Amino acid sequence: MTNPVVQQLLDRSNRLGSDPRNTNYAGGNTSAKGEETDPVTGQPVELVWVKGSGGDLGTLTEKGLAVLRLDRMRSLVDVYPGVEREDEMVAAFDYCLFGKGGAAPSIDTAMHGLVDAAHVDHLHPDSGIAIATAADGEALTKEIFGEQVVWVPWRRPGFQLGLDVAEIKAQNLQAVGCILGGHGITAWGGTSEECEKNSLWIIDAAAAYIDEHSKADPFGEPLEGYAALPEDERRAKAAALTPTIRGIASQDRPMVGHFTDSDVVLDFLASTEHPRLAELGTSCPDHFLRTKVKPLVLDLPGTASVEESLARLKELADAYREDYRGYYERHATPDSPAMRGADPLIVLVPGVGMFSYGKDKQTARVAGEFYVNAINVMRGAEGLSTYSPIDEAEKFRIEYWALEEAKLQRMPAPKPLATRIALVTGAASGIGKATAHRLATEGACVVIADLDAEKARAAAAEIGGADVAVGLAVDVSKAEAVQALVDAAVLAFGGLDLVVNNAGLSLSRSLLETTEEDWDLQHDVMAKGSFLVSKAAAKVLIEQGMGGDIVYISSKNSLFAGPNNLAYGAAKADQAHQVRLLAAELGEHGVKVNGVNPDGVVQGSGIFAGGWGANRAAVYGVEEKDLGKFYAQRTLLKREVLPENIANAVFALCSADLSHTTGLHVPVDAGVAAAFLR
Ligand SMILES: NC(=O)c1ccc[n+]([C@@H]2O[C@H](COP(=O)([O-])OP(=O)(O)OC[C@H]3O[C@@H](n4cnc5c(N)ncnc54)[C@H](O)[C@@H]3O)[C@@H](O)[C@H]2O)c1
Ligand SMILES: [Zn+2]
């Protein structure tokens, strides 16, 4: 049974963490002290439960807590070797753990354990950090909170900061918390309610003070031409810039992107002071790994053309990389971890918005959220005083902290398609749906495109939330709709890597029965549709400069002259030749183009359910329900072909194992000699 003290801690943490005003995503930590019975001695034992390393307060569960014996934790003070070797104490926390399981203790554990209060919150609220990063933060703290909240000059999180805060609490009996310079806040209380009340009071009092005393335009006068573009224009420009910016952000390693054009971002970029402030960089210790020390800012107005903006962005990217290398070299010591890549993680485009990057969609999105936090902090600090983040050397120490590096090294190996963004047409059903699932399972972000928006969204939701799959409507036979799809896909995940031309339909008719409409429809969806999708997508792939894959789901019927199949078979043959033509044309851009030739995929196929199955069954003289088995019997392997078998082939073609293969068709038909490739 959950200890009631723990339940209170979890409830409080979830409440605090679910309001972004209180702390950033996965930022801050909370703790409670209480008693349990030691199963070894049968005696009561004092414990501290504290949010462990990683995880988010808003969704914290008991599993996310580290549980330590308070007596052992506090004994560490006697063996503490001093601030120069404080990092060693993190390993020592493991010797204080109580029982099995639980999360790994974080760097902030010392602050929670050493402060003499039953409940402690350490948070990263924008309002609190605004005070913490104001040049006269100490005076402001006094003015806003009197003796109730104590100023603690910047110190890197760690054992020493824990000792400092504990000492402050002991020396200031009237205090309910402190402002940690350059960093955040810590509050405490004798009960969980009191602690939560104190945290919220500090956050609200800081916010109210900023509201009341801030100058009218903390970011300065509006900059001519830098105002937000109207929404349609802004989105169109963002989509046009996205592939190149992703290429810029992915020079060292491929990235997934997130785009934000919220008012907070656009207002910041529309004002005179944004270049100076952006250059000063972020401050809270959580930020540096997520956003890098500073963003890349395009120094052109929103009204600049796409071409002009792209040319300038490329110049700025070179300068950014050089600047970052300089920063690394200025501060690295012989035992620093190797440079982790010099590309920006945040790219700001006035009038348009913010592009943020990460190893997956969630990381990219959170990086963007963090920069919004940074903007809020800068607005607050500049409104009252001058924004004055911690200095560059300290930022470097945090970004390249050995403990952070160790955490990164412990991360599980990425999945085979991690960072890759897939677009699958006709993916609300059958083969396309199975393919979307497989690509997502292998780590790709997936855009499901199909005729019906509702069905596309439902299919995406089956895979997961918007960080892994989105569903969009498209009629692939319409050029404008295809362009809109590719733009939306690119804005959803920051780019495109894998394109699967799967949308299709089939009408089984003899030559004399085939109408002009039958012919046009099948050619429009499959031959022309794939052409349009390949064309719009290839532009993105070429601009990104990161290679890519285009896979066509053509058919055994692209080679085999099946009965009553003129229009469908001819459209499939057209698709099959597009594979060869595009493989030849796009090879120089590192884009591979391959095809899969399925046959007889009855289960899950809308094509079969929608009349084709009945028709084929009639043509072959079997019952419709036995069609899958019938097809199996005519194969060399006597196996029924399932949508998953096609999906596996698509994955294989896109995986690193086939990195040197282009212009190939893979039959997935359980063996049909008449459709052998030669
Ligand atoms: N099932 C088979 O045996 C088989 C064999 C060989 C090739 N194929 C090919 O595999 C692909 C998928 O077939 P399936 O069996 O999964 O069929 P399916 O009907 O289950 O799926 C096809 C999807 O494409 C969508 N679509 C149709 N027209 C579209 C358009 N204009 N724009 C966007 N989406 C459109 C449909 O809404 C449907 O969701 C097709 O190209 C088909 O020709 C299938
Ligand atoms: Zn912190």
Side-chain angles (χ1 to χ4, degrees), residues 23-24 26-29 51 106-108 111 121-125 128-129 132 155-158 161 180 182-186 283-287 398 424-436 448-453 455-456 459 471-478 481-482 485 500-507 521-522 524-530 532-533 552-558 560 562 565 568-569 571-572 575-576 595-613 616 627-628 631 640-643 645-647 650 667-669 672 675:
T23 202
N24 54 343
N29 28 62
K51 193 200 95 169
S106 84
I107 191 75
D108 290 325
M111 180 164 52
D121 293 336
H122 165 59
L123 302 167
H124 297 158
I129 306 179
R155 181 183 284 288
R156 198 164 61 133
L161 182 63
L180 306 175
H183 176 172
I185 71 165
T186 294
S283 186
C284 181
D286 272 2
H287 282 223
I398 293 193
V424 186
T425 67
S429 169
I431 291 170
K433 190 170 176 177
T435 301
I448 296 214
D450 211 303
L451 277 176
D452 184 83
K455 270 172 67 183
L472 298 169
V474 70
D475 178 347
V476 294
S477 65
K478 304 276 192 314
V482 168
L485 165 72
V500 185
N501 277 312
N502 166 78
L505 78 162
S506 186
L507 306 167
L521 177 60
Q522 290 175 93
D524 281 352
V525 174
M526 293 180 286
K528 181 180 163 192
S530 316
L532 291 173
V533 171
Y552 280 65
I553 307 301
S554 40
S555 171
K556 172 202 79 172
N557 290 307
S558 67
F560 174 75
N565 209 5
Y568 179 78
K572 286 292 167 190
Q575 285 187 305
V596 179
N597 286 347
D599 187 42
V601 184
V602 179
Q603 280 187 39
S605 167
I607 288 182
F608 276 92
W612 169 267
R616 288 282 108 180
L627 196 59
Y631 281 134
E640 184 170 349
V641 185
L642 302 174
N645 301 127
I646 317 303
V650 175
V668 184
D669 54 10
V672 176

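None of these values were measured; they are calculated from a predicted model. This chain uses plain numbering: 1 for the first residue, then up along the sequence. These values consider heavy atoms only, across backbone and side chains, with no hydrogens, waters or symmetry-generated copies. Counting starts at 1 for both ligands and their atoms, following the listed order.
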### Task
Please work out which of Leu505, Val668, Ile553 has its closest non-hydrogen atom nearest to atom 10 (O) of ligand 1.
Ile553
### Asp450-ligand 1 polar pair, N/O distance under 3.5 Å
yes
### Query
What do you reckon, does Ala428 have a nitrogen or oxygen under 3.5 Å from a nitrogen or oxygen of ligand 1?
no
### Metal proximity, Cys284 vs the Zn ion (ligand 2), N/O/S cut-off 2.8 Å
no
### Task
Answer yes or no for Leu451: is there a heavy-atom contact with ligand 1 below 4.0 Å?
yes
### Message
Give the atom numbers and elements of ligand 1 that come within less than 4.0 Å of a heavy atom of Asn502.
### Response
10 (O), 11 (C), 12 (C), 40 (C), 41 (O)
### Query
Taking both backbone and side-chain atoms of Val476, is any N or O found less than 3.5 Å from an N or O belonging to ligand 1?
yes
### ligand 1 versus Lys572: contacting region, heavy-atom distance under 4.0 Å
side chain
### Query
Within the structure, does Lys556 bring an N/O atom to less than 3.5 angstrom of an N/O atom in ligand 1?
no
### Message
Suppose I only count heavy atoms of Gly600 and a 4.0 Å limit; which atoms of ligand 1 are within that range?
### Response
3 (O)
### Query
Taking heavy atoms and a distance under 4.0 Å, where does Ser554 meet ligand 1: side chain, backbone, both or neither?
backbone
### Task
Going by heavy-atom distance to atom 1 (N) of ligand 1, choose the closest among Asn597, Asn557, Val601.
Val601
### Task
Under 4.0 Å from a heavy atom of Pro598: give me the atoms of ligand 1 that qualify, with their elements.
5 (C), 6 (C), 7 (C)
### Message
If you measure every N or O of Val525 against every N or O of ligand 1, does any of those distances drop under 3.5 Å?
### Response
no
### Message
Would Gly432 count as being in polar contact with ligand 1, using the rule that some N or O on each side must be under 3.5 angstrom apart?
### Response
no
### Message
Geometry only, no angles: is Ser605 polar-contacting ligand 1 at N/O separations under 3.5 Å?
### Response
yes
### Query
If you count the atoms of ligand 1 from 1 in the order shown, which ones are under 4.0 Å from a heavy atom of Gly430?
16 (O), 20 (O)
### Query
Would you say Asp475 and ligand 1 have an N/O pair spaced under 3.5 Å apart?
yes
### Message
Determine whether His183 and His122 satisfy the following criterion, ring pair (Phe, Tyr, Trp, His ring centres under 6.0 Å), listing intermediate values before the conclusion.
### Response
CA-CA 10 Å; His183 176 172; His122 165 59; 4.7 Å; yes
### Task
Examine distances only and state if a side-chain atom of Lys572 and a backbone atom of Ile553 form a donor-acceptor pair shorter than 3.5 Å.
yes
